[in-house]
Engineer: 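The structure follows.
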Amino acid sequence: MLKSVYSRIFYFCTIIMLFASAITGIAVMVSANRRYEQEVRDEIEDSAQVILSTIRNRCTEINTLPVEQIREDLQSYTMTYNIDCYLFAHDGSCLVRSDIGVMEVHLNEPLRLQADEEPYCQFGADAEGATESVARYVEYLDIDGERYYLMLMYPIAKLEDFSQNLIMVLVLTVLVLGLVGAPLFYLNTSQLLKPVSRITYAAEAYAKGDFSVRLQPQGDSELDYLAATMNRMADFIDRNERSRKNFISNVSHELKTPMTTIGGFVDGILDGAIPQERSTEYLQVVSSEVQRMTRLIHSMLNISKFEEGTLTPAFKRLEVTDLIIQTLLLFEQKAEAKHLSVEGLETAAPTYIEADRDLLQQVFYNLTENAIKFVNEGGTLLLEIHSSDTHAEIHLRNTGEGLTEEEMSHVFERFYKTDASRGKDITGVGLGLSIVSRIVALHNGTVTVKSVPDEYTEFVLSLPLRQIAKTEKPAEHAAGENPTETKKGEYS
């Protein structure tokens, strides 16, 4: 019954509300009782002073105690104000009484002694011959050197009725508060907890693999912040999930093709379907496919290291211009086969940066390989290096078909190949530029691409001269936060 947060809050707050109402009611009741009691006390004292004044006046007129006249006065007062009046001698014997009771009434010595000190008043005192609770008031008076005591007994049934009425009002108030407050609190709490229910529903959907659910702001700052955080988490997980599925799909596709080729050619050679004199030719194809699979697995291992954050660059001071030239020399034969002209390096000044030599060379290797692969026959490969006080900027541009805006937005994704490249790039696995983006991120740099269709494609690397800030883990980028930018425009 009290397992849910809602039920706990509801019952706890309801109990607190009723308890607070009861405490408040009791305090009000006690205060009202005391005030009413004080009013009764004042009324009795006023009555006593009137009676005492009457008795003194009677005694002054005849210089003695006129018992019969005083009895008549007391009986008249009793009939008018419903207060029993008694006059006692100094020894406590009753001289005059206003009631018609037959039981002898005596004022005991303790009361006389208390009245000698100050007027005595007590509520609920047991009185001789009284059949109900009364308030007893005793005060002395001196007449011609004789001490007498006046006692008034006021029935306090009204006071008790007042207390009972207060108790009834208190009980009814608590019941009304419970009957009215509980539903109102229930509705209000339900309204307050609706966003929590929506968040719970969204979390359950995420747990089932449905990341399409999004939470809308409801105007509550704390819950809106939680909802926004949940939405960002869903976006992050959704991108990760789609990336994982695409990764598995692409890996399966990339492995399936060479495995099919290898299996077909090997089976053909073994069963004699392929002539013996052509077996070497087909074995070369098999070897090429094996090398392609090796590159794919090596690239995937590198991607995995980047995303896990287990790859730590060994930063050292190196001359980047020399490293670019050394990398270009590895493609000398391919460049000559396409009759390319390489420009820009003759004016490049030596530039020193802090970087991991092997990782940075892989960046230049992948970019250069990509540029030469898609440059047009007899085209131009332009390399430029600019530096500022904090960064080195490296431009690698190749003439050719260029890229569309749609293609530029995906070039750094894993296994992505443009439509134009699929017929030309039969050896690539679509991981080169993805690896480039992650290595650059490890160096706290950026890589951007800009292109004009049918004119050129240019990659721009911006690397810090000194590594000061802590490198970020590229795993953050794997979920969709690509550390690269794409631009379209003229090269300047």
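One is the number of the first residue; the rest follow in order along the sequence. Worth saying up front: this structure is predicted, and the values here are computed from it rather than measured.
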Engineer: Kindly give the heavy-atom pair with the smallest separation between Leu403 and Glu407, and that separation in Å.
Structural biologist: CA-OE1, 3.4 Å
Engineer: Kindly assign one of parallel, tilted or perpendicular to the pair Tyr77 and Tyr81, based on the angle between their ring planes and the thresholds 30° and 60°.
Structural biologist: tilted
Engineer: Please find the pair of heavy atoms, one from Glu146 and one from His90, that lie closest to each other, and give the distance.
Structural biologist: OE1-ND1, 3.7 Å
Engineer: To the nearest 0.5 Å, tell me how far Gln114 CD sits from Tyr140 OH.
Structural biologist: 14.5 Å
Engineer: State, to 0.1 Å, how close Thr457 and Ser451 come at their nearest heavy-atom pair, and which atoms those are.
Structural biologist: OG1-OG, 3.3 Å
Engineer: Would you call Arg317 and Ile353 a side-chain contact if the rule is heavy atoms closer than 4.5 Å?
Structural biologist: no
Engineer: So, taking the atom named CG in Leu465 and the one named CD in Glu354, what distance separates them when rounded to the nearest 0.5 Å?
Structural biologist: 8.5 Å
Engineer: So, does Ser98 use its side chain to make a donor-acceptor pair with the main chain of Gln75 at under 3.5 Å?
Structural biologist: no
Engineer: Which atom names give the shortest non-hydrogen contact between Ala135 and Ile44, and what distance separates them?
Structural biologist: CB-CD1, 3.8 Å
Engineer: Is the distance between the ring centroids of His386 and His395 less than 6.0 Å?
Structural biologist: yes
Engineer: How many angstroms lie between CG in Leu359 and CZ in Phe315, if you round to the nearest 0.5 Å?
Structural biologist: 8.5 Å
Engineer: Donor-acceptor pair, distance only, cut-off 3.5 Å: does the side chain of Gln361 make one with the backbone of Asp358?
Structural biologist: no
Engineer: Would you name the heavy atoms of Ile70 and Ile55 that are closest together and state the gap between them?
Structural biologist: CD1-CG2, 3.9 Å
Engineer: Sub-3.5 Å donor-acceptor pair from the side chain of Ser437 to the main-chain atoms of Ser434, do we have one?
Structural biologist: yes
Engineer: Rounded to the nearest 0.5 Å, how far apart are NE2 of His391 and CZ of Arg466?
Structural biologist: 11.5 Å
Engineer: Step by step, work out the side-chain contact (heavy atoms from CB on, under 4.5 Å) result for Ile324 and Ile385.
Structural biologist: CA-CA 10 Å; Ile324 293 175; Ile385 302 174; 3.7 Å; yes
Engineer: Counting only heavy atoms not in Gln38, do more than 12 fall under 6.0 Å of its CD?
Structural biologist: yes
Engineer: Does the pair Val363 and Val447 meet the rule for a side-chain contact (heavy atoms from CB on, under 4.5 Å), with working shown?
Structural biologist: CA-CA 10 Å; Val363 169; Val447 54; over 6 Å; no
Engineer: Check Thr321 against Pro350 and note the closest heavy-atom contact, atom names and distance.
Structural biologist: OG1-CA, 3.9 Å
Engineer: Please examine the side chains of Leu52 and Glu139, heavy atoms only from C-beta on, and report whether any two atoms are closer than 4.5 Å.
Structural biologist: yes
Engineer: Sub-3.5 Å donor-acceptor pair from the side chain of Thr351 to the main-chain atoms of Ala349, do we have one?
Structural biologist: yes
Engineer: Is a donor on one side and an acceptor on the other found under 3.5 Å between the side chain of Asn108 and the backbone of Leu111?
Structural biologist: yes
Engineer: Mark yes or no for whether Ser387, through its side chain, and Ala392, through its backbone, hold a donor-acceptor pair below 3.5 Å.
Structural biologist: no
Engineer: Answer yes or no: is there a side-chain heavy-atom contact under 4.5 Å between Leu367 and Leu461?
Structural biologist: yes
Engineer: Answer yes or no: is there a donor N or O on one side and an acceptor on the other, between the side chain of Asn370 and the main chain of Asn366, under 3.5 Å?
Structural biologist: no
Engineer: Below 4.5 Å, heavy atoms only, C-beta onward: do Tyr206 and Met230 meet side chain to side chain?
Structural biologist: yes
Engineer: Do the side chains of Arg136 and Val138 get nearer than 4.5 Å, heavy atoms only?
Structural biologist: yes
Engineer: Is Arg214 salt-bridged to Asp235, going by a charged N under 4.0 Å from an acidic O?
Structural biologist: yes
Engineer: Assess whether side-chain hydrogen bond (donor to acceptor under 3.5 Å, both in side chains) is satisfied between Gln467 and His443, documenting all intermediate values.
Structural biologist: CA-CA 7 Å; Gln467 295 293 335; His443 285 74; 5.7 Å; no
Engineer: With a 4.5 Å heavy-atom cut-off, do Met151 and Tyr137 have their side chains touching?
Structural biologist: no
Engineer: How many angstroms lie between atom CG of Asn57 and atom CD of Gln69, to the nearest 0.5 angstrom?
Structural biologist: 11.5 Å
Engineer: Evaluate Leu323 against Arg357 for side-chain contact (heavy atoms from CB on, under 4.5 Å), listing each step before the verdict.
Structural biologist: CA-CA 8 Å; Leu323 184 61; Arg357 184 181 184 87; 3.8 Å; yes
Engineer: Taking the side chain as C-beta and beyond, is there a heavy-atom pair between Tyr86 and Leu95 under 4.5 Å?
Structural biologist: no
Engineer: Side-chain contact, heavy-atom cut-off 4.5 Å: Arg147 with Asp116?
Structural biologist: yes
Engineer: Go through the steps to decide whether Leu87 and Leu65 satisfy the test side-chain contact (heavy atoms from CB on, under 4.5 Å), and finish with yes or no.
Structural biologist: CA-CA 11 Å; Leu87 185 62; Leu65 186 67; 4.2 Å; yes
Engineer: Sub-3.5 Å donor-acceptor pair from the side chain of His106 to the main-chain atoms of Gly92, do we have one?
Structural biologist: yes
Engineer: Ignoring hydrogens and angles, tell me if any N or O in the side chain of Thr78 forms a donor-acceptor pair with the backbone of Leu74 under 3.5 Å.
Structural biologist: yes
Engineer: Without swapping roles, check the side chain of Asp356 against the backbone of Ala314 for a donor-acceptor pair under 3.5 Å.
Structural biologist: yes
Engineer: Under the criterion side-chain hydrogen bond (donor to acceptor under 3.5 Å, both in side chains), I'd like the reasoning laid out for Glu406 against Thr404: C-alpha separation, chi angles, the key distance, then a yes or no.
Structural biologist: CA-CA 5 Å; Glu406 175 66 19; Thr404 65; over 6 Å; no
Engineer: Once rounded to the nearest 0.5 Å, what's the spacing between atom CZ of Arg41 and atom SG of Cys121?
Structural biologist: 4.5 Å
Engineer: Do Lys208 and Asp210 sit within salt-bridge range, that is, some charged N less than 4.0 Å from a carboxylate O?
Structural biologist: no
